[in-house]
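Take a look at the structure set out below.
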Amino acid sequence: MTSFCAIILAAGEGKRMKSRLPKVLHPVCDRPMVNYVVAAARALAPKKIIVVIGRAHKQVRDVLDKGVAVAVQDKPCGTADAVKSAVKEIPSSVKDVVILYGDTPLIRRQTLETLYAHHREANAVCTVLTTHLANPRGYGRILRNPSGQVIGIIEEKEATQVQRAIREVNTGMYVFSKDDLLEGLGHVRPAKKSGEFYLTDVLSWFFQKGLKIDACVAEESEEVLGVNAQMELLTATHVLRRRVLERHMEAGVVLMDAATIFIDATAVIGEETVVYPFTYIEKNVTIGRRCSVGPFCHLREGAVLEDGVRVGNYTEIKNSTLGRGTRMGHVSYLGDTTVGKNVNIGAGTVVANFDGKKKSRTAIGDRAFIGCDAVLIAPVVVGKDAVVGAGSVVTRHHNVADKSVVAGVPAQPLKKTKNK
Ligand code: UD1
Ligand code: MG
């Protein structure tokens with residue numbers, strides 16, 4: 001494979017977002033937009049990834065992983081100028097340059113692979129990824145001559161009425177031959193209306209010089225959405241959420257109402273588990289097989305449900321493991337807790353894991369029975385087969401012995417062994 005590098009433009013002001021946060025840092029499903037583009041670029045295995053950030057937006061650097069190079073654009077005066085800022089970072093050995101924009105978080109690696117393969121075969125100086133949109137508003141339009149050859153891209157602001165009616169648009173993803181790109185950049189002049197230096201103008205220059213431009217048409221226009229305003233951010237979020245839900249459904253998870261279930265992309269869920277409406281599953285959550293989750297359940301970071309666990313209405317679990325077959329049906333909170341197998345957590349049970357200064361852990365042994373409305377103040381251990389009576393408050397360090405029964409406020413042993 002010929003060597004190539006990728007440049008991701010992320011230095012724009014993002015004025016249309018009406019926010020002080022740099023546009024590419026706006027999160028889509030809890031992850032900054034630009035990181036999706038970096039991940040898709042990385043999957044292509046380029047020799048180097050260069051992200052162009054704005055001088056005024058140094059915080060963008062903080063979310064980028066160490067493996068990427070950063071170039072700084074002094075003033076956001078157009079995409080051609082942004083690429084120019086990255087030129088000194090382009091390795092001299094590469095033949096091609098893939099250019100992507102940091103505001104297209106839905107792009108999939110397969111589409112970029114297709115674009116790159118297309119470029120290699122077409123033997124063009126530039127291959128642009130295009131798509132057809134019913135409503136092309138805001139995008140650059142692809143200009144073709146009567147024989148269908150791409151002759152340039154016209155930005156909406158600069159376009160005539162007739163050109164605006166074109167529905168084939170520029171997705172902002174291209175492969176360029178490096179030498180031609182570098183030459184073309186030198187010929188870009190400020191656009192008539194906006195005064196910006198458009199990368200898209202390099203293509204018209206190629207055409208004038210008789211150099212071949214090719215287009216690769218993306219069938220799935222959804223994945224090339226450019227996020228310029230809040231509404232598009234929401235659309236991107238919906239698409240990414242749906243992708244996660246689809247992945248789980250394909251793997252045999254039953255989702256009772258995809259519209260109200262939020263599942264972070266990092267969550268792992270086993271087959272035949274049923275997730276009920278209004279459930280929110282955050283990052284790094286692991287759920288086993290045949291579990292029942294929700295409705296109205298909040299699984300936070302570090303929640304682990306082993307096979308056959310049942311967590312019901314208004315339950316919240318953070319950084320805790322629930323062993324096989326454990327049940328926690330209603331209105332309960334577990335934080336920093338290790339729960340054994342086949343435990344019953346009664347309605348209203350709360351683990352008090354924070355004393356105002358630090359978090360402490362709680363352990364509940366196999367087959368223990370925690371009565372309704374109990375409070376367990378961490379750090380504390382409830383032994384195997386133990387019973388904590390309804391309404392009890394088990395105070396910190398007052399561990400409950402295996403098989404014992406405690407009740408009251410503060411909880412005291414009632415009798416020596418559990419009466420089976
Ligand atoms: C751009 C394309 C348009 C295409 C659309 C696809 C140009 C001139 N226009 O328009 O043809 O249909 O994307 O989504 O390329 N950026 C910089 N520095 C700048 C300006 C922009 O780094 O000076 C970055 C932005 O952060 C953004 C990307 O380049 O990630 C594209 O800029 P944006 O302003 O979003 O361009 P669009 O109007 O969407
Ligand atoms: Mg854009």
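Values in this document were obtained by computation on a predicted structure and should not be read as measured data. Whatever order the structure lists them in is the order used to number ligands and atoms, beginning at 1.
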Problem - Name of the D103 atom (N/O/S only) found closest to the Mg ion (ligand 2) - result: OD2
Problem - Carboxylate-amine/guanidinium contact E168 R144, below 4.0 Å - result: yes
Handout entry: Among L9, I8, T171, closest by any non-hydrogen atom to atom 27 (C) of ligand 1
Key = L9
Practice task
Identify, by atom number and element, the atoms of ligand 1 in contact range of Q73, meaning under 4.0 Å from any of its heavy atoms.
Solution key: 17 (C), 18 (N), 19 (C), 22 (O), 23 (O)
Exercise for the section: Take every heavy atom of M33, measure it against each atom of ligand 1, and state whether any distance is under 4.0 Å. Expected result: no
Fill in the blank from the handout: Checking heavy-atom distances from atom 6 (C) of ligand 1 to each of L225, N170, N228, the winner is N170
Practice task
Look at atom 16 (N) of ligand 1 and find which of A71, G12, G138 reaches it with the closest heavy atom.
Solution key: G12
Problem - Over 12 non-hydrogen atoms of neighbours within 6.0 angstrom of NZ in K384 - result: no
Exercise for the section: Run the salt-bridge test on K48 and E89 with the 4.0 Å N-O cut-off and return the result as yes or no. Expected result: yes
Practice task
Verify the distance criterion only: is there a donor paired with an acceptor across the side chains of E220 and T111 at less than 3.5 Å?
Solution key: no
Problem - Under 3.5 Å: N/O of G226 near N/O of ligand 1 - result: no
Practice task
Using a strict cut-off of 4.0 Å, indicate which atoms of ligand 1 neighbour a heavy atom of A11.
Solution key: 17 (C), 18 (N), 22 (O), 26 (O)
Exercise for the section: Tell me which part of A82 gets within contact of ligand 1: side chain, backbone, both or neither, using heavy atoms under 4.0 Å. Expected result: side chain
Problem - Proximity flag V52 to ligand 1, non-hydrogen atoms under 4.0 Å - result: no
Practice task
May I ask you to say whether R289 pairs ionically with D307, meaning some side-chain N is under 4.0 Å from a carboxylate O?
Solution key: no
Exercise for the section: Could you tell me whether D81 and K75 have a side-chain N and a carboxylate O separated by less than 4.0 Å? Expected result: no
Practice task
Could you tell me whether T200 approaches ligand 1 through its side chain, its backbone, both or neither, with non-hydrogen atoms closer than 4.0 Å?
Solution key: side chain
Problem - Pick from V60, V24, T79, V51: the one approaching atom 32 (O) of ligand 1 most closely through a non-hydrogen atom - result: T79
Practice task
Inspect the contact between E156 and R141 and indicate whether a charged nitrogen and a carboxylate oxygen are less than 4.0 angstrom apart.
Solution key: yes
Fill in the blank from the handout: Under 4.0 Å from one or more heavy atoms of Y101, ligand 1 contributes atoms 1 (C), 2 (C), 7 (C), 13 (O), 15 (O), 28 (C), 30 (O), 31 (C)
Problem - Member of N353, T338, D336 meeting the side-chain contact (heavy atoms from CB on, under 4.5 Å) criterion with N319 - result: D336
Fill in the blank from the handout: Candidates K23, E155, E13; heavy atom nearest atom 9 (N) of ligand 1 found on E155
Practice task
Ignoring hydrogens and angles, state whether a donor on the side chain of Y314 or Y333 is under 3.5 Å from an acceptor on the partner side chain.
Solution key: no
Problem - Atoms in ligand 1 flagged as close to C77, the criterion being non-hydrogen separation under 4.0 Å - result: 23 (O)
Exercise for the section: List the atom of V285, the atom of E282, and the distance in Å for their closest heavy-atom pair. Expected result: CG2-O, 3.2 Å
Exercise for the section: Enumerate the atoms of ligand 1 whose separation from the nearest heavy atom of P76 is less than 4.0 angstrom. Expected result: 23 (O)
Practice task
Would you please say whether a donor-acceptor pair under 3.5 Å links the side chains of S147 and N145?
Solution key: yes
Problem - Nearest protein heavy atom with distance in Å, relative to atom 23 (O) of ligand 1 - result: G78 N, 2.8 Å
Problem - N-O pairing of K209 and D180 below 4.0 Å - result: no
Fill in the blank from the handout: Heavy atoms of V60 and L64 approach each other most closely as O-CG, 3.5 Å
Problem - Element-labelled atoms of ligand 1 that are located less than 4.0 Å from some non-hydrogen atom of A10 - result: 22 (O), 26 (O)
Practice task
Consider every N or O of L199 and every N or O of ligand 1, then say whether any pair is closer than 3.5 Å.
Solution key: no
Handout entry: Where ligand 1 meets R16 - atom numbers and elements under 4.0 angstrom, heavy-atom basis
Key = 33 (P), 34 (O), 35 (O), 37 (P), 38 (O)
Practice task
Decide, counting backbone as well as side-chain atoms, whether N228 has an N, O or S atom less than 2.8 Å from the Mg ion (ligand 2).
Solution key: yes
Practice task
Just say parallel, tilted or perpendicular for the rings of Y174 and Y101, cut-offs at 30° and 60°.
Solution key: perpendicular
Exercise for the section: Report yes or no: does D81 have a heavy atom closer than 4.0 Å to ligand 1? Expected result: no
Exercise for the section: Using a strict 4.0 Å cut-off to heavy atoms of Y139, name the atoms of ligand 1 that fall inside it. Expected result: 6 (C), 12 (O), 14 (O)
